[in-house]
Amino acid sequence: MKFAGMIKQSLVDYPGEIATVLFTRGCNFCCPFCHNGNLLIKPGKTGADYISLQEVLGFLNERKNFLDAVVISGGEPCLNQELPDALSKIKDVGYLTKLDTNGSRTTMLSELCVRFLIDYVAMDVKGVLEYKKYLEACGGRLSTEDFFNIKGSIHLLKNADMEVEFRTTVVPGLHKPEDIIAIARYLEGASKYSLQQFNPRDTLNPDYHHIKPYTREDLQVMADECRKYVKEVRLINV
Ligand code: SF4
């Protein structure tokens, strides 16, 4: 497996742990508020350098007394069929593992859970679980199978025996406050839901550069309502 980028040390990507973050290339969505546009190009369609798994494992072996965890982010990591093997090798070195995913590959997610290859999953819930609204939040690129899988992944993760966080980037124009509360209602019974502040800088869709984010107070009101359905609701990047 190859990686498109790496943050050697992060204090914010795995709650409570010092983590290395690895980025995979390629995504099946095209979210207008995405900040990782450089990672969306399909693997092989770019002249950019890659970091090999061997290089990553060498680095992780050297740093195992200083680092606790590895986060795999993207792009969408679950599009990569070599992901289970890579995670297995990373776990063999002794690291905690976290996956950031859009939830559209339930079969892969299920395999990772069943084989105990991940300790923490953060799944994006892009919008209200209605096809048309979700399609808009994914930038018009969402197959009916992907949408079906997203619901399946939510069900899988709500019942999984590991740390799970659902999160939504709250974007005015895409999400009204009542949409966020509807998402929380859908997630009822989940342990953690994060509302991530929207950042208009460097978004994939330039029209989003002009959208004014909700205020902290607005988000706080939404979070308070969401707590009726999900015990722990937190604001991030606010
Ligand atoms: S799921 Fe959306 S936000 Fe995440 S990498 Fe793909 S396009 Fe970007």
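Side chains are part of it too, since the values below use all heavy atoms of this structure and drop only hydrogens, waters and symmetry mates. Atoms within a ligand are numbered from 1 in the order they appear, just like the ligands themselves.
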Pair D146-R105, salt bridge (Lys or Arg N to Asp or Glu O under 4.0 Å): steps then yes or no: CA-CA 7 Å; D146 283 350; R105 292 294 181 273; 2.9 Å; yes
Result of checking R234, K192, K98 against E165 for side chain to side chain donor-acceptor pair (under 3.5 Å): R234
Trace of the side chain to side chain donor-acceptor pair (under 3.5 Å) decision for Y193 with T168: CA-CA 8 Å; Y193 183 37; T168 301; 2.7 Å; yes
Partner residues of S153 under the side chain to side chain donor-acceptor pair (under 3.5 Å) criterion, sequence neighbours left out: T106
Atoms of protein origin (N, O or S) under 2.8 Å from atom 8 (Fe) of ligand 1: C34 SG
Counterpart residues, side-chain contact (heavy atoms from CB on, under 4.5 Å), relative to N159 (two or more places apart): H155
Per-atom contacts of ligand 1 with K126, taking only distances under 4.0 Å to non-hydrogen atoms: 1 (S), 2 (Fe), 3 (S), 4 (Fe)
Qualifying ring-ring contact (aromatic ring centres under 6.0 Å, His included) pairs with a residue from residues 200-234, counting only residues at least two apart or across chains: none
